[in-house]
Q: 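Dumping the structure here so I can ask a few things about it.
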Amino acid sequence: VTDRLSREQRSALMGRIKRANTKPELTVRCALHSLGYRFRLQLGSVPGRPDIAFPLRKKAIFVHGCFWHAHEGCPLYKTPATRAEFWKAKFARNRERDSRLLRAAEQAGWKCLVIWECEVGHPRLSEQLTMFLGPTRIAS
Ligand SMILES: [Zn+2]
């Protein structure tokens with residue numbers, strides 16, 4: 001896997017992520033709160049068990065860490081050099097699981113958004129959330 005970003009770009013990106021928060025999901029939840037959205041976490045009744053669910057809108061957000069969820073082409077994801085075969089198999093299973101869960105939610109009629117860890121510190125996160133979710137207030 002070759003990096004698409006230069007060393008400088010990569011360290012800028014890493015710095016931004018580190019500053020944003022230690023846990024990507026918390027950062028997304030914070031952003032949602034400050035935008036005024038109400039949501040549920042790990043709602044068992046939603047197929048695929050998305051991290052964040054909006055039952056009235058029937059929308060769901062999956063927040064993926066770039067390493068564990070094997071974000072292809074991302075500077076935060078790289079197969080470790082030792083036990084490479086083990087990791088490759090593990091990442092393949094993780095990817096397969098992710099797409100299975102996403103499909104399960106979508107087949108049950110939920111609109112889904114996947115947010116990657118590397119997108120979380122981005123200034124456009126709020127815009128991305130608003131575009132996906134629509135107006136803050138909806139008729140219930
Ligand atoms: Zn990524």
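Just so you know, ligand 1 is whichever comes first in the structure, and atom 1 is the first atom listed for that ligand. Small disclaimer: the values here were computed from a predicted structure and weren't measured.
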Q: Looking at Arg95 and Glu72, is any side-chain nitrogen of the basic one under 4.0 Å from a carboxylate oxygen of the acidic one?
A: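 Between Arg95 and Glu72 there is a salt bridge, with a charged N closer than 4.0 Å to a carboxylate O.
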Q: Does the side chain of Glu117 come within less than 4.5 Å of His64's, by heavy atoms?
A: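 No, side chains not in contact.
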Q: Test of geometry: compute the angle SG(Cys74)-the Zn ion (ligand 1)-SG(Cys66) and round it to 10°.
A: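 The two atoms form an angle at the metal of about 110°.
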Q: Assess whether side chain to side chain donor-acceptor pair (under 3.5 Å) is satisfied between Asn94 and His69, documenting all intermediate values.
A: CA-CA 6 Å; Asn94 288 359; His69 294 264; over 6 Å; no
Q: Does His64 bring an N, O or S atom to within less than 2.8 Å of the Zn ion (ligand 1)?
A: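 No, since none of the N, O or S atoms of His64 sits under 2.8 Å from the Zn ion (ligand 1).
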Q: Given ND1 of His71 on one side and SG of Cys118 on the other, what angle do they make at the Zn ion (ligand 1), to 10°?
A: 100°
Q: Can you see whether Phe132 has Lys59 sitting over its ring - NZ or CZ less than 6.0 Å from the centre and within 45° of the normal?
A: yes
